[in-house]
Amino acid sequence: MIHISILVPLGHTSLVNIEGSYQILSDINNFLTEKGREPKFQVQLVGLTTEVSQRNRLFTISPEVLIKDVKKTDLIIIPSLHGDQSNAATMNQDFIPWIRQQYQQGAAVASLCLGAFFLAATGLLKGKQCATHWKMAQEFRSMYPDVNLMDDRIITEEERIYTSGGAYSYLNLILYLVEKYAGRDIAILTAKAYAIDIDRQSQSPFIIFEGQKAHNDEPIRKAQEFIEASYQDKITVEQLSDMSAIGRRSFERRFKKSTGNTVIEYIQRIKIEAAKRDFETSTKNVNEVIYDVGYIDTKTFRTMFKKVTGLTPLEYRNKYNKQIMNPVND
C-alpha cells in the first residue's frame, strides 16, 4: 500500500485542498476494486494537534494521526496556507523536520497552490522548479529567490517534488499523481468521475497582469501609471527616463528591480492585458483590437499574445467572450 499523508496545518488553510484530495485519493481504491485490482492507497490526515479550527471556528478538522505517529510515508501533500506566509511557516515549523526526514527516506512531497510557500520554507525547493498561484508570483520570488518559479505552469515535477498552480488547478496535480501511482486508465476514470479536465499544463490564460507596485521607488511608480494610462500610444524608454529625470541605464535598472519586468516587457504586458479585456467584452474583430492597443504589426502581436497567454487571440476571444459564444440573432 502507498501511504499518503495529507497535512492539516495550523492557521487558515484551504479546506477544499484537504477534503478534495482526501476524497479523490480515497476513491481510487474503489475504482481499482471495480476493475478487479487490489486497493493501492492508504490516505490519512496528518496534523500537529488533535483538532484544528478553521474560518473563525466555523469548521474543525480532526487529523487521524499526528506526525510523531507516522514513521514512514510515501507521499506528503501540503495544502494551500493563506494569509501572511512567514507567519504561516512559523506557526507550522514543527512539520518541517518531519517533512525533510520523510523526503530523505524516499517520500515524495507535493504542494497545492500557496502550499508552495511552506514547501519552500523546508528548503527542499532550493534550485528546483516550482508553481504556485500566479497572483503571488512576485511575493514568492521575493521570499525565495533561489527557487525557479514557473508562474505559467499548472504542474511541476523534479526529484520527487511536485507543485501545482493556482486554486482549483490542484485537481490537475492530484490527477497527475493518480496516474503516476495507479496508472493512466485510473486517472482517466477519475477525471471522468469528477468532471476534471485532464492534462491541462498551463495557467497562462488565467493570469491577470496587474504590475508590481509594492515598492518605494516613486518615479518608477509614476512611470508605471503613465504606461497604464497611455498604452495605446507609442512609448519609448527614453521618453519615460526623461519624464522621470533619470538617466536611461539607471532608469532601466531601477524599473527592473522594482517591477520584475524590463520596461519593454511591462509595456507589452499592459497592452496584452488591455487586449484581453477587449476580447472578453467587445464585438471587435481580432485586428481591430490589435490596432486599438497600439500595434501595427499584427503578426508580432499574435506571437507575443500566444507566448503570454498560451492561446491565440482568436482562441482567447472565442473562449471568454459570451457574446461570441452565444450570439444574439438580429
Side-chain angles (χ1 to χ4, degrees), residues 1-33 39-103 105-122 124 132-133 162-164 166-175 177-178 181-182 190 193-194 196:
M1 295 285 282
I2 296 168
H3 186 272
I4 301 175
S5 298
I6 301 176
L7 302 192
V8 183
L10 302 175
H12 184 187
T13 308
S14 173
L15 294 169
V16 171
N17 283 175
I18 294 171
E19 199 282 330
S21 301
Y22 187 89
Q23 181 174 342
I24 292 172
L25 292 170
S26 297
D27 265 357
I28 299 305
N29 287 341
N30 296 330
F31 297 151
L32 288 166
T33 301
K40 203 170 192 71
F41 294 155
Q42 180 188 1
V43 187
Q44 288 189 310
L45 300 184
V46 180
L48 297 173
T49 60
T50 54
E51 285 192 353
V52 181
S53 294
Q54 293 287 316
R55 300 296 178 99
N56 295 320
R57 300 187 179 278
L58 282 174
F59 304 97
T60 298
I61 306 174
S62 299
E64 297 164 87
V65 291
L66 303 182
I67 56 170
K68 65 180 179 63
D69 301 316
V70 182
K71 305 304 181 187
K72 187 179 187 310
T73 191
D74 300 297
L75 172 63
I76 299 168
I77 295 178
I78 303 172
S80 184
L81 286 78
H82 300 292
D84 183 281
Q85 293 298 322
S86 295
N87 289 345
T90 299
M91 191 182 305
N92 290 282
Q93 61 183 340
D94 288 344
F95 273 122
I96 292 177
W98 179 81
I99 293 171
R100 291 181 61 84
Q101 179 187 28
Q102 294 298 325
Y103 181 73
Q105 292 177 185
V109 185
S111 69
L112 310 180
C113 191
L114 299 183
F117 280 84
F118 188 60
L119 177 54
T122 68
L124 295 178
T132 190
H133 198 295
Y162 304 87
T163 66
S164 74
Y168 284 85
S169 65
Y170 86 92
L171 293 168
N172 294 96
L173 178 53
I174 295 300
L175 280 182
L177 293 170
V178 168
Y181 287 103
T190 305
Y194 283 92
I196 303 169

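One is the number of the first residue; the rest follow in order along the sequence.
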Nearest atoms (heavy-atom pairs only) where [X] meets [Y]:
X: Gln44; Y: Glu64; value: CA-OE2, 3.2 Å
X: Gln102; Y: Lys72; value: OE1-CA, 3.4 Å
X: Trp98; Y: Ile67; value: NE1-O, 3.4 Å
X: Asn92; Y: Leu10; value: OD1-N, 2.6 Å
X: Phe95; Y: Pro9; value: CE1-CA, 3.8 Å
X: Gln54; Y: Thr13; value: OE1-N, 2.8 Å

> Going by the angle between their ring planes, with limits at 30° and 60°, are Tyr181 and Phe41 parallel, tilted or perpendicular?
Replying inline: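 Rings of Tyr181 and Phe41: perpendicular, as their planes differ by over 60°.
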Drop me the distance from [X]'s [atom1] to [Y]'s [atom2], to the nearest 0.5 angstrom.
X: Ile18; Y: Ile78; atom1: CD1; atom2: CD1; result: 11.5 Å
X: Leu119; Y: Leu114; atom1: CG; atom2: CG; result: 12.5 Å
X: Thr122; Y: Phe117; atom1: OG1; atom2: CZ; result: 14.0 Å
X: Asp94; Y: Leu66; atom1: CG; atom2: CG; result: 11.5 Å
X: Tyr168; Y: Asn17; atom1: OH; atom2: CG; result: 8.5 Å
X: Tyr170; Y: Ser80; atom1: OH; atom2: OG; result: 11.0 Å

> Can any side-chain N or O of Thr132 pair as donor or acceptor with the backbone N or O of Cys113 at less than 3.5 Å?
Replying inline: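 Yes; at least one donor-acceptor contact below 3.5 Å.
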>> Strictly distance-based, threshold 3.5 Å: is any side-chain N or O of Ser169 a donor or acceptor partner for the main-chain N or O of Gly166?
In response: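 Such a contact is found between Ser169 side chain and Gly166 backbone.
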>> Atom CG of residue position Asp69 - does it have more than 12 heavy atoms of other residues, nucleotides or ligands inside 6.0 Å?
In response: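 Enclosed.
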Under a 4.5 Å cut-off applied to non-hydrogen side-chain atoms, are [X] and [Y] in contact?
X: Asn29; Y: Lys40; answer: yes
X: Ile174; Y: Thr190; answer: no
X: Leu112; Y: Ser21; answer: yes

> Does the side chain to side chain contact (heavy atoms under 4.5 Å, CB included) test come out yes or no for Phe118 and Ser111, once each step is laid out?
Replying inline: CA-CA 8 Å; Phe118 188 60; Ser111 69; over 6 Å; no
>> I need the single residue from Leu45, Ile76, Leu81 that forms a side-chain contact (heavy atoms from CB on, under 4.5 Å) with Leu7. Which is it?
In response: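 Answer after filtering Leu45, Ile76, Leu81: Ile76.
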>> By the definition side-chain contact (heavy atoms from CB on, under 4.5 Å), identify the one residue from Leu25, Asn172, Ile4, Leu75 that meets it with Leu177.
In response: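 So the option named by the test is Leu75.
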>> Within the 3.5 Å criterion, strictly below it, is a donor on Asp27 or Tyr194 matched to an acceptor on the partner's side chain?
In response: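 Note: Asp27 and Tyr194 side chains meet the donor-acceptor criterion.
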> side-chain contact (heavy atoms from CB on, under 4.5 Å) with Thr33: which residues, sequence neighbours excluded?
Replying inline: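 Result, side-chain contact (heavy atoms from CB on, under 4.5 Å) vs Thr33: Pro39.
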